[in-house]
Amino acid sequence: MNAVIDTLLNHRTYREFDPTAALSAEEVSLLLAAACQAPSWMNGQHYTILRITDGELRGRIAAAQPANPQIATCAEYWLFIGDAHKAELASRAYAGSFAAVGTVDTLITLTTDAALAAQNAATAAESLGYATCFTGGIRLIAPQLTEWLALPPHTFPLFGLCIGKPAVTMRLKPRLPRAASVAENRYPDDDTLATALAEYERVMSDFGEAREKFPYREKFARYYSREYAPANAALLKRQGLLTHPDGLEGE
């Protein structure tokens, strides 16, 4: 099998890392190069990758994220920042209005560019034999991170990426049935999706992942019954990234 496809098909998320392991400077440089080679909207590269190398800062982030202790033990911890600040500087250079920055579509662009770069980094790390874990929970402390990281306006901390040597062996987790993730020409009907979700719930219950406390569908029923990070709507507005929530410029 093609080595790249083999790496992708064998992806696992690890949450236990060897705290004594380290990446070489050459490996870090390679992973950053792979991340930055990701495709991006208009070649805008609307993200900044912040390597958290300061021990005190890493400890502060880990302490604020008790559900993600792996932040403290992985060899490398990178934060992916959705970044329109560089576009602002480009706009200033050519006297642009920068009016589109507060629209929903721009926020989607920043998130997509950052996610593509992060996936490149994760795949590259796994190809070198390292383990990875994304930490979306950092959005719960986005206001604190904005201060701690001195983030300028028009930026937002989207997620983190742990990279390191795994301290445990992980099984390959089953994925949703193809019928729930792939369709042709039109969106699948609800009966097809409901059947696939019920089937997957049974598969995941049999899989018996220790960290899962609820059946698959119930987990999401609980999650979507509350707002995940209520402070972030206000933060996005303060950062100038959601000033036109209807997506229309100038309104």
Side-chain angles (χ1 to χ4, degrees), residues 13-15 35 40-41 46-52 54 56-74 76-88 100-119 121-122 132-163 176 209 211-248:
T13 291
Y14 289 81
R15 293 179 176 82
S40 67
W41 176 252
H46 296 90
Y47 57 84
T48 292
I49 303 168
L50 290 181
R51 287 182 65 211
I52 307 302
D54 180 277
E56 187 277 332
L57 177 58
R58 174 97 77 100
R60 197 188 318 168
I61 295 172
Q65 275 280 281
N68 288 304
Q70 66 272 24
I71 291 173
T73 58
C74 58
E76 289 279 325
Y77 187 61
W78 299 358
L79 287 172
F80 284 78
I81 311 300
D83 188 348
H85 180 64
K86 288 175 283 191
E88 179 183 18
V101 69
T103 62
V104 170
D105 192 68
T106 295
L107 186 57
I108 293 172
T109 295
L110 308 189
T111 304
T112 302
D113 275 12
L116 291 170
Q119 183 58 50
T132 64
C133 178
F134 284 104
T135 56
I138 62 103
R139 291 192 298 278
L140 290 169
I141 58 168
Q144 296 96 307
L145 287 173
T146 300
E147 177 184 350
W148 297 345
L149 306 174
L151 298 183
H154 308 123
T155 63
F156 185 81
L158 293 168
F159 49 82
L161 175 62
C162 298
I163 305 170
L176 281 165
E209 187 174 22
R211 68 189 301 270
E212 295 290 0
K213 299 178 181 178
F214 303 102
Y216 182 79
R217 289 173 297 175
E218 183 179 350
K219 175 175 68 172
F220 289 101
R222 288 172 175 270
Y223 176 86
Y224 285 106
S225 293
R226 61 183 176 84
E227 189 176 353
Y228 178 66
N232 285 344
L235 176 61
L236 285 164
K237 291 177 182 177
R238 290 199 302 273
Q239 289 293 95
L241 288 173
L242 200 59
T243 54
H244 307 301
D246 59 0
L248 301 176

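Note that the structure is predicted; figures quoted are calculated from it, not measured.
Counting only heavy atoms from C-beta outward, the side chains of Q119 and F134 approach each other to under 4.5 Å. Contact annotation: the side chain of Y228 approaches that of L140 to within less than 4.5 Å [non-hydrogen atoms, C-beta and beyond].
Interatomic distance, SG of C133 versus OH of Y77, reported as 8.5 Å (0.5 Å rounding). Atom CZ of F156 is separated from atom CZ of R238 by 10.0 Å, given to the nearest 0.5 angstrom. Once rounded to the nearest 0.5 Å, the distance linking CG of L158 with CZ of R139 reads 7.0 Å. Note: T155 OG1 to K86 NZ = 10.5 Å, rounded to the nearest 0.5 Å. Between the OG1 atom in T13 and the CZ atom in R211 there is a gap of 8.5 Å [rounded to 0.5 Å].
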**OP:** Test ring pair (Phe, Tyr, Trp, His ring centres under 6.0 Å) on F80 and F159 and set out the steps.
**Re:** CA-CA 6 Å; F80 284 78; F159 49 82; 5.4 Å; yes

**OP:** Assess whether side-chain contact (heavy atoms from CB on, under 4.5 Å) is satisfied between L50 and W78, documenting all intermediate values.
**Re:** CA-CA 5 Å; L50 290 181; W78 299 358; over 6 Å; no

Original post:
Are I61 and I52 close enough, and set up right, to give a side-chain contact (heavy atoms from CB on, under 4.5 Å), and what steps lead you there?
Top reply: CA-CA 9 Å; I61 295 172; I52 307 302; 4.2 Å; yes

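The two residues G160 and I138 have their closest heavy-atom pair at N-CG1, 3.9 Å. When all heavy atoms of T135 and Q70 are compared, the pair lying nearest together is CG2-NE2, 3.8 Å. A pairwise comparison of heavy atoms in I81 and P157 identifies CD1-CA, 3.7 Å as the closest pair. Taking both residues in full, the closest heavy atoms of C74 and I71 are given as SG-O, 3.7 Å, listed atom of the first, atom of the second, then distance. Pairing each heavy atom of P69 with each of P66, the nearest pair is CD-O, 3.5 Å. Closest approach of A121 to L161, counting heavy atoms only: CB-CD2, 4.0 Å.
T106 contributes no side-chain N or O that, together with a main-chain N or O of G102, makes up a donor-acceptor pair within less than 3.5 Å. Between the side chain of R15 and the main chain of N68, no donor-acceptor pair closer than 3.5 Å is present. Within the 3.5 Å criterion, the main-chain N or O of L57 finds a donor-acceptor partner in the side chain of D54. Here the side chain of E76 pairs no donor or acceptor atom with the backbone of R51 at under 3.5 angstrom.
Of the options Q239, H154, H244, a side chain to side chain contact (heavy atoms under 4.5 Å, CB included) to V101 is made by H154 and by none of the others.
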Donor-acceptor contacts, no H, no angles, side chain residues 141-152, under 3.5 Å, sequence neighbours left out:
{"from": "T146", "atom 1": "OG1", "to": "A142", "atom 2": "O", "distance (Å)": "2.8"}

Which donor-acceptor pairs under 3.5 Å do side chains of residues 107-118 form with protein atoms, sequence neighbours excluded?
{"from": "T109", "atom 1": "OG1", "to": "D105", "atom 2": "O", "distance (Å)": "3.1"}
{"from": "T111", "atom 1": "OG1", "to": "L107", "atom 2": "O", "distance (Å)": "2.9"}
{"from": "T112", "atom 1": "OG1", "to": "I108", "atom 2": "O", "distance (Å)": "2.8"}
{"from": "D113", "atom 1": "OD1", "to": "W41", "atom 2": "N", "distance (Å)": "3.0"}
{"from": "D113", "atom 1": "OD2", "to": "H46", "atom 2": "N", "distance (Å)": "3.1"}
{"from": "D113", "atom 1": "OD2", "to": "H46", "atom 2": "ND1", "distance (Å)": "2.8"}

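Evaluation of the side chain to side chain donor-acceptor pair (under 3.5 Å) test over residues 212-223, restricted to residues two or more places apart or in two chains, returns E201-R217, E212-K219, E218-R222.
With no hydrogens or angles considered, a side-chain donor-acceptor pair links D83 and T48 at under 3.5 Å.
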